[in-house]
Amino acid sequence: MAVRKAGRIVTAVAAAALLAGGAAACGPEDLTGGGGGSDDKASASAGGSASDGGPEAKAPPAGTEALAKTPATVKGGVITVGDPKAGHTVKLYEDARCPICKKFEETGAQALVKPVAEGKVKVEYTLASFLDKNLGGSGSVNAANALRASVDAGKFPQFHAAVFANQAEVETDDAYTPAFLLKIADKVEGLRGAEFDKAVRKGTYKKWVGEAMQAFTDDGMQGTPTVVIDGKKADSRSLFARDTFAEELKAAGIS
């Protein structure tokens, strides 16, 4: 109980620091054991219940459609979006339940859409799931499992944006139940189907989620979001405004 409470304090302090204007990150209290909890512990966020699938889902940002034809592939525990031959690589480490990752997705990450769509850069996503261990529940694992399934359906960029758009307002709410993730998927045209729905409900990619968490650990990551541009860690102070992160990308030759 004390360990879990400490994990909650770590992430709550990080979020408070971000809101105060400082650079911050969500971090695991330890990097062993991966993420995950029992599906029986899942609960919906405020405004809904596990039985009804949670609150109404929001659509992903309109700009995400620019990536509709951009390929997404999986190798090991990493999902890559963009032309595999792109001259630049951005590595992005996220946990779906991390509010600071959501802030990055709403701000700095928007500067990546155009260069990825134009084939100038590829983004390698490593989806961590440590916040389940910190906060309880299984939302990070469920979300990562569903995100992996969306690759097979050819809709990863749109669904990835939709997942973060629907993150719980209260970090400790375990909102990403399979039922709510399917509600979110309804907002991505062409995503729902027998195979995708089965993968979300049955946790088809739970083993892969563990591989992704192991990749996060093996890369020596200490928190999310972490962004690495062509092998160099981005200044965390640049991540939370589109213009400042665009300058960070430009300095690496990406525009």
Check: So, for Phe180 and Pro55, which heavy atoms are closest and what is the spacing to 0.1 Å?
Finding: CE1-O, 3.1 Å
Next item on the list: Applying side chain to side chain donor-acceptor pair (under 3.5 Å), name anything that partners Lys155, two or more places apart in sequence or on another chain.
Entry: none
Next item on the list: For residues Ala161 and Pro60, report the shortest heavy-atom separation together with the two atoms involved.
Entry: CB-CB, 4.0 Å
Notebook entry, point to check: Going by an N to O cut-off under 4.0 Å, is there a salt bridge joining Lys102 and Glu106?
Noted result: yes
Notebook entry, point to check: Looking at OH of Tyr125 and CD1 of Ile79, how far apart are the two atoms once the value is rounded to the nearest 0.5 Å?
Noted result: 9.5 Å
Check: Given side chains that start at C-beta, do those of Val200 and Arg148 come closer than 4.5 Å, heavy atoms only?
Finding: no
Checklist line | Shortest non-hydrogen contact from Ala234 toward Leu239 | finding: CB-CD2, 4.2 Å
Check: Is the backbone of Gly27 close enough, under 3.5 Å, to the side chain of Asn134 for a donor and an acceptor to pair up by distance?
Finding: yes
Notebook entry, point to check: For Thr244 and Ser238, which heavy atoms make the closest approach, and how far apart are they?
Noted result: OG1-O, 2.9 Å
Notebook entry, point to check: What's the verdict on side-chain contact (heavy atoms from CB on, under 4.5 Å) for Phe196 and Asp152, showing C-alpha distance, side-chain angles and the deciding distance?
Noted result: CA-CA 8 Å; Phe196 175 81; Asp152 295 343; over 6 Å; no
Next item on the list: Can you measure from CG (Asp235) to CD (Glu248) and round to the nearest 0.5 angstrom?
Entry: 5.5 Å
Next item on the list: Please round to the nearest 0.5 Å and tell me the distance separating atom CD of Glu105 and atom CG of Leu112.
Entry: 8.5 Å
Check: What closest approach, in Å, do Ala117 and Ala66 show between heavy atoms, and which atom pair accounts for it?
Finding: CB-O, 3.6 Å
Item checked: Validation row, ring centre Phe104 to ring centre Phe164 under 6.0 Å -> no
Next item on the list: List in chain and number order the residues that pass side chain to side chain donor-acceptor pair (under 3.5 Å) with Glu189, two or more places apart in sequence or in another chain; answer none if no residue qualifies.
Entry: none
Note to self: Would you say Val209 ends up clustered with Val74 if hydrophobic residues are merged whenever their side chains have heavy atoms under 4.5 Å apart, either directly or through other cluster members?
What the structure shows: yes
Next item on the list: Mind checking the CD1-CG spacing from Ile229 to Leu249? Nearest 0.5 Å is all I need.
Entry: 4.5 Å
Check: Hey, what do you get for OG1 (Thr224) to CZ (Phe216), rounding to the nearest 0.5 Å?
Finding: 6.0 Å
Check: How many angstroms lie between atom CZ of Phe245 and atom CZ of Arg237, to the nearest 0.5 angstrom?
Finding: 14.5 Å
Margin query: Just so I know, are the side chains of Gln167 and Tyr176 near enough to count as touching, which here means a heavy-atom distance under 4.5 Å?
Written below: yes
Please output the side-chain donor-acceptor pairs of residues 85-98 that fall under 3.5 Å, not counting sequence neighbours, one pair per line with the distance.
from  : atom 1 : to     : atom 2 : distance (Å)
His88 : ND1    : Asp230 : OD2    : 2.7
His88 : NE2    : Gly253 : O      : 3.4
Thr89 : OG1    : Lys122 : NZ     : 2.9
Lys91 : NZ     : Glu124 : OE1    : 2.6
Tyr93 : OH     : Asp219 : OD2    : 2.6
Glu94 : OE1    : His160 : NE2    : 2.8
Asp95 : OD1    : Arg97  : N      : 3.0
Asp95 : OD1    : Ser140 : OG     : 2.5
Asp95 : OD2    : Phe130 : N      : 3.1
Asp95 : OD2    : Leu131 : N      : 3.1
Arg97 : NH1    : Asp132 : OD1    : 2.9
Arg97 : NH1    : Gly136 : O      : 2.8

Next item on the list: For the pair Lys233 (side chain) and Thr226 (backbone), establish whether a donor and an acceptor sit closer than 3.5 Å, ignoring hydrogens and angles.
Entry: no
Next item on the list: Grab the two heavy atoms, one from Leu147 and one from Phe156, that are nearest each other, plus how far apart they are.
Entry: O-CD1, 3.5 Å
Checklist line | Arg192 side chain to Leu182 backbone, donor-acceptor under 3.5 Å | finding: yes
